[in-house]
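To keep things clear, I will list the structure first and then write my remarks on it.
Here the structure is a predicted model, which is why all the values come from computation and not from measurement. Chain identifiers are assigned alphabetically (A, B, ...) following the order of the sequence lines, protein sequences preceding nucleic acid strands; residue numbering begins at 1 within each chain.
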Amino acid sequence: MIEFRNASKSFDGRPVVEDLSLTIAAGTVGVLIGTSGAGKSTALRMVNRLVEPSAGEVRIGGVPVRAFRPEELRRRIGYVIQSVGLFPHWTVERNMATVPRLLGWPRRRIEARIDELLHLLRLDSGELRGRYPHQLSGGQQQRVGVARALAADPDLLLMDEPFGALDPITRAALQDELLRVHRATGKTILFVTHDIDEAIKLGQFVALLDRGRLVQAGPPRELLAAPANDFVRDFVGGEERGLKLLGTETAASRLRRGERVEGEPVPVSLSLNRALALMVVRGVDRLGVVGEEGAPLGALHLADLAHP
Amino acid sequence: MSEAPPRVRPSPWRDPLAWSAGLLVLLVFGMPALRPLFAALFPRLERPVYAGDAFWSLLLAHLGLVAASSLAAILVGVGAGILVTRTRGAAFRGLVETLAAAGQAFPPVAVLALCVPALGFGAMPALIALTLYGLLPIVENTVAGLEQVPASVREAALSSGMTAAQKLRQAELPLAAPVILAGVRVSVTINVGTAALASTVGAKSLGLPLIVGLNSDNTAYVLQGALLVGALALTLDLAFARLVRLAERWRAT
């Protein structure tokens, strides 16, 4: 659990984060979102003491981070940044071993952990472990960055716009990967982004910051369905937030069970905004829905999308 | 000719370092054998080959001077370069760079002349002059090398939980090494030439045949000393070029 308690930070008298109070529950993905200069990265960096708050404090599991030596704290917190920051003179393997080696793990244990992580992040095809960072694609580099952050099995992962520099397809793939890793490991993740779609996709809890202040925090559906003010309304997409709202649910939630519909069926895991788009493309007002194995489950009606 | 495999070990016959080192060894041990040549070139000289000391002992003494002064210059220069690139030492940066530049702007001959009254004749004034003279490229390249380490790498080092010393040793110095070594290479190469001057204050070096030759109007001695100093400078320069390549071999793969 990460708690910000009235945390503030100013640089040269200019406030960057003001009186931030926020709790991210253990095992969840929390997202700090806002425009550039909103203070989200500064807030994130308070957690591993790369930034010390001018007032207030940050607690992890109830203990103020001030109580730890910075080096010890950081070895227990994974950190991933947009520019990746892999050590260019070290191989993939050596990069991933960074924190375990700082912690003095025996060689065997490090080797085993690297095998595990290469597998977890699907980096085990080919001879990647002996390569240098400049020999990898952007997506592979960021996977290695995530693997390095996870290497010492930290309870907490901080991610500062980690996928911001990637092309949309790689980006979407890595978002899916992160969700999979999160399900597999149960880590608490604090994620910074300026992309509302990324926040909705990844976050169980989203906190919107503006000029250093918390504007609204809650599950993504809440920000979309009940924006606290005009700023939030605009930030989450204005009128289009209706479509994003649909994006938070899948066909399963509006299914009319047992009904049969002609035409190509859609999987039950399809998000409702894509289901709507498909109806428009096909010029139909209902879609057949099938389960994971392809067995017919029922139908999705256009009319049901507007009224749950 | 069959197709060359992607990675061939270069043949020693094509290796300039091997040629240069070979030439140096030949000159050191074969100079007396060249007596007929020098006698033909300088027919008026009674003793056309320098025989005051064995050339190998001059070479060793010369190498000793260069090694000791370069080692001192590396310790002081890299140390100062590290210091002024730390947050706490940043205030000294201007001062250190000015001092290093002054060390090189000051002619080594003048330093030698000034040191002799204080330290007497011999190797000591030569070592001080050579060390001062060799500092600038090392300080400058250490600062430049450390500054070009990407900010993202420094941030990654810190956020991984490295201490300042671990960050320096594991990330910054290895990444700055090629640039620092390039500075050491310049410094050492300059010092090989400058160390010949040490013989003016009584230190043994390859400069001895040069000084003796100039004093006794024996051009053959001067030529022999110059050839040896040149061959040594070339060999060390090529050796350092190889070391620089070794320090950045991860880039080439």
Side-chain angles (χ1 to χ4, degrees), chain A residues 41 44-45 47-51 68-92 94-104 127 130-136 141-142 144-145 148-152 154 156-162 165, chain B residues 5-7 78 81-82 85-88 90-91 141-184 240-253:
Chain A
S41 290
L44 185 81
R45 291 157 64 93
V47 179
N48 63 357
R49 293 189 66 184
L50 286 173
V51 167
F68 303 96
R69 276 184 41 220
E71 291 84 30
E72 276 164 25
L73 180 74
R74 290 171 193 153
R75 288 170 195 175
R76 292 171 45 192
I77 300 177
Y79 186 61
V80 186
I81 48 179
Q82 181 175 345
S83 49
V84 194
L86 293 178
F87 299 107
H89 59 305
W90 283 352
T91 60
V92 165
R94 180 66 183 89
N95 264 287
M96 286 167 66
T98 306
V99 183
R101 282 181 69 150
L102 289 172
L103 290 170
E127 293 302 308
R131 299 248 178 98
Y132 288 95
H134 70 95
Q135 299 170 299
L136 308 179
Q141 288 185 11
Q142 197 51 282
V144 176
R148 180 177 65 179
L150 287 168
L156 181 56
L157 204 55
L158 305 178
M159 309 183 86
D160 194 350
E161 302 203 28
Chain B
R7 274 192 198 177
V78 173
I82 289 172
T85 48
R86 306 301 100 185
T87 328
R88 283 180 205 165
N141 279 40
T142 304
V143 171
L146 288 172
E147 282 195 331
Q148 48 111 58
V149 173
S152 63
V153 168
R154 266 180 258 155
E155 169 141 349
L158 270 187
S159 63
S160 304
M162 289 190 191
T163 60
Q166 286 168 330
K167 173 167 80 96
L168 180 68
R169 205 178 57 245
Q170 300 190 28
E172 293 177 294
L173 281 179
L175 288 172
V179 183
I180 296 176
L181 278 172
V184 173
F240 270 100
R242 182 140 319 169
L243 217 55
V244 170
R245 273 213 301 281
L246 214 62
E248 58 184 1
R249 68 187 183 288
W250 52 267
R251 234 172 246 168
T253 45

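Heavy atoms closer than 4.5 Å to chain B are found nowhere in A/Arg49, neither backbone nor side chain. A/Arg101 does not touch chain B: none of its heavy atoms, backbone or side chain, sits under 4.5 Å away. Of the atoms belonging to A/Leu86, it is backbone heavy atoms, and not side-chain ones, that fall under 4.5 Å from chain B. Looking at A/Pro88, both its backbone and its side chain come within 4.5 Å of chain B, counting heavy atoms on both sides. A/Arg45 touches chain B through its side chain: at least one heavy atom from C-beta onward sits under 4.5 Å away, while N, CA, C and O do not. Both the backbone and the side chain of B/Ala157 come within less than 4.5 Å of a heavy atom in chain A.
Interface remark: of the candidates B/Gly161, B/Ala171, B/Ala151, B/Gly161 forms the most heavy-atom pairs closer than 4.5 Å to chain A. Heavy-atom pairs under 4.5 Å with chain B were tallied for A/Gln82, A/Glu72, A/Arg74; the largest tally goes to A/Arg74.
Atom CZ of A/Arg76 is surrounded by 12 or fewer heavy atoms from other residues, nucleotides or ligands within 6.0 Å.
Note: A/Gln135 CD to B/Arg251 CZ = 13.0 Å, rounded to the nearest 0.5 Å. Atom-to-atom distance recorded for A/Glu71:CD and B/Lys167:NZ is 11.0 Å, nearest 0.5 angstrom. For the atom pair CD (B/Gln166) and CG (A/Leu102), the distance works out to 5.0 Å, reported to the nearest 0.5 Å. Taking CG of A/Leu158 as the reference point, atom OG of B/Ser159 lies at 9.0 Å (rounded to 0.5 Å).
In this structure, A/Arg75 and B/Ser160 approach most closely via the heavy-atom pair CG-O, 3.5 Å. Across every non-hydrogen atom of B/Trp250 and A/His134, the tightest pair is O-NE2, 3.0 Å. A/Gly85 and B/Ala156 make their closest contact through O-CB, 3.1 Å (heavy atoms, listed as atom of the first residue, atom of the second, distance).
Side-chain contact between A/Thr98 and B/Met162 is present, with at least one heavy-atom pair separated by less than 4.5 Å.
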